[in-house]
Protein chains: 2
Amino acid sequence: MSLRYALLGLLAHRSASGYDLMGTFRSSLAHVWPATQSQVYGELTRLTNAGLLTVGEQGPRGRREYAITEAGRAELDGWLTDETARTPQRSTLLLHAFFLGLAEPARARRYLSRQAELADGRMARLRELEGSVDWDGGPLSTHGRLALEYGLRLAAMQRDWATWAATQIAAAPAEA
Amino acid sequence: MSLRYALLGLLAHRSASGYDLMGTFRSSLAHVWPATQSQVYGELTRLTNAGLLTVGEQGPRGRREYAITEAGRAELDGWLTDETARTPQRSTLLLHAFFLGLAEPARARRYLSRQAELADGRMARLRELEGSVDWDGGPLSTHGRLALEYGLRLAAMQRDWATWAATQIAAAPAEA
DNA sequence: CATCACATGTAAAAGGTTACATGATTCT
DNA sequence: AGAATCATGTAACCTTTTACATGTGATG
């Protein structure tokens, strides 16, 4: 149900076509709430049928420009500060950690070191993104910064944890 | 595809029934890789058909005791240190952050403070869990600790971020 | 005129959630 | 005898992923 709010949120800022929105999903929103083209187009149709969006004049290549309705804004507004909405957390990194005792210590340590490196790489890429985004005043600016900072802190946490975990493995040999 | 490895991982430690495994999912594994009963039973059948598990003697109430096969161990072993396996990260907290500029600053700040509180609560519950788990030497012990530490660090990061983000909102009023 | 960017959709399959359905054994 | 626990399964629905399919307009 969250993709719905991602779309409403983007359209609350300015009207756009499915194609436009996909551009945003590819650049910035991919880090926050990934979505595929087939999902976005489908959801736009559903939101229009539900009266939360309207379609404007047909553009050049069958382009459909979507605009948020009053009902759409109300729906979005209700969600914005809804504390109860939580996605079940699933992390393959964590699942690996849970079962890492089944691998030889040296291999497990190598795996964790590699994960630390990868997290470091993610941090670097986010910092690059930070420099390249035009902080122009849309919902992608002031509050995009908050999201970006979250990503940076998450990556840093994962790097530090993986580094620490590798030392723990060294200390305690494999069991099972 | 990860549920598959969660089950193989648990069964690599000791044979168990679907019901037993559900117990583990309810207690410890829920924090790592949540799964429902209907998912677990279905996957066990699929793993058996794929030759990665075998079913032992029928127990009391039609109980089916599953054991991992050599093929199952090989499959698990390949996955254990596979660096490429990554789940797309989706976080409602992050999505909220991204669009928080659309709410009034006071409301947005209240939301973030509440999220900080909630993260703090999660930390407390994990610390409780840490005390109550019997660290007996299974894959849930040494390496369950790693997973638990990850959870603690994640919650701490979220708490600190939400607290920091609230101050950022205070500084910059709403746009859109 | 060819290529690239624009632009929209559908179909099939996999993964996940919720609800329903049923029955056996053990404990009090 | 009744309740709790053990134990398995199915059906419907929603979300997400991957792949296919098609066509238009602008640019060099």
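Just so we're clear, the structure is a prediction, and the values are computed from it rather than from any experiment. Within every chain, numbering begins at 1; the chains are lettered A, B, ... in the order of the sequence lines, protein sequences first and strands thereafter.
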Could you give the CZ-to-C1' distance, from A:Arg63 to D:dT24, as a whole number of Å? 14 Å
Does any part of the side chain of A:Thr92, heavy atoms only, come nearer than 4.5 Å to the side chain of B:Trp33, both counted from C-beta? yes
Roughly how many Å is it from CZ in A:Arg46 to P in D:dC13, rounded to a whole number? 15 Å
Find out whether B:Leu29 and B:Leu10 are in side-chain contact, i.e. whether some heavy atom of one side chain is under 4.5 Å from a heavy atom of the other. yes
Atom CE of B:Met1 and atom C1' of C:dG15: how far apart are they, to the nearest Å? 11 Å
Kindly point out which of C:dA5, C:dG16, D:dT16 is positioned nearest to the side chain of A:Leu3? D:dT16
Are A:Arg159 and A:Met123 close enough, and set up right, to give a side-chain contact (heavy atoms from CB on, under 4.5 Å), and what steps lead you there? CA-CA 9 Å; A:Arg159 182 198 51 192; A:Met123 278 186 76; 3.7 Å; yes
Rounded to whole Å, OH of A:Tyr19 lies from P of D:dT24 at a distance of 16 Å
Is it true that A:Arg145 and A:Glu149 make a salt bridge, defined as a side-chain N closer than 4.0 Å to a carboxylate O? no
Write down the distance between CG (B:Leu47) and P (C:dG15), rounded to a whole number of angstrom. 11 Å
B:Met22 near the nucleic acid: base, sugar-phosphate alone, or nothing, with a heavy-atom cut-off under 4.0 Å? nothing
Base, backbone or nothing for each nucleotide of nucleotides 17-28 of chain C, written B, S, -, heavy atoms under 4.0 angstrom, 5' to 3'? BBB---BBB---
d(CZ, A:Arg26; P, C:dA5) in whole Å: 11 Å
Are A:Tyr41 and C:dG9 close enough that a side-chain N or O sits under 4.0 Å from OP1 or OP2? no
I want to confirm an ordering. Mapping B:Glu43 and A:Tyr66 to their closest nucleotides on DNA chain C, which one lands closer to the 5' end? A:Tyr66
Ring centers of B:Phe99, A:His143 separated by less than 6.0 Å: no
Quick one: does any side-chain atom of A:Arg73 pair with a main-chain N or O of A:Ile68 as donor and acceptor, under 3.5 Å? no
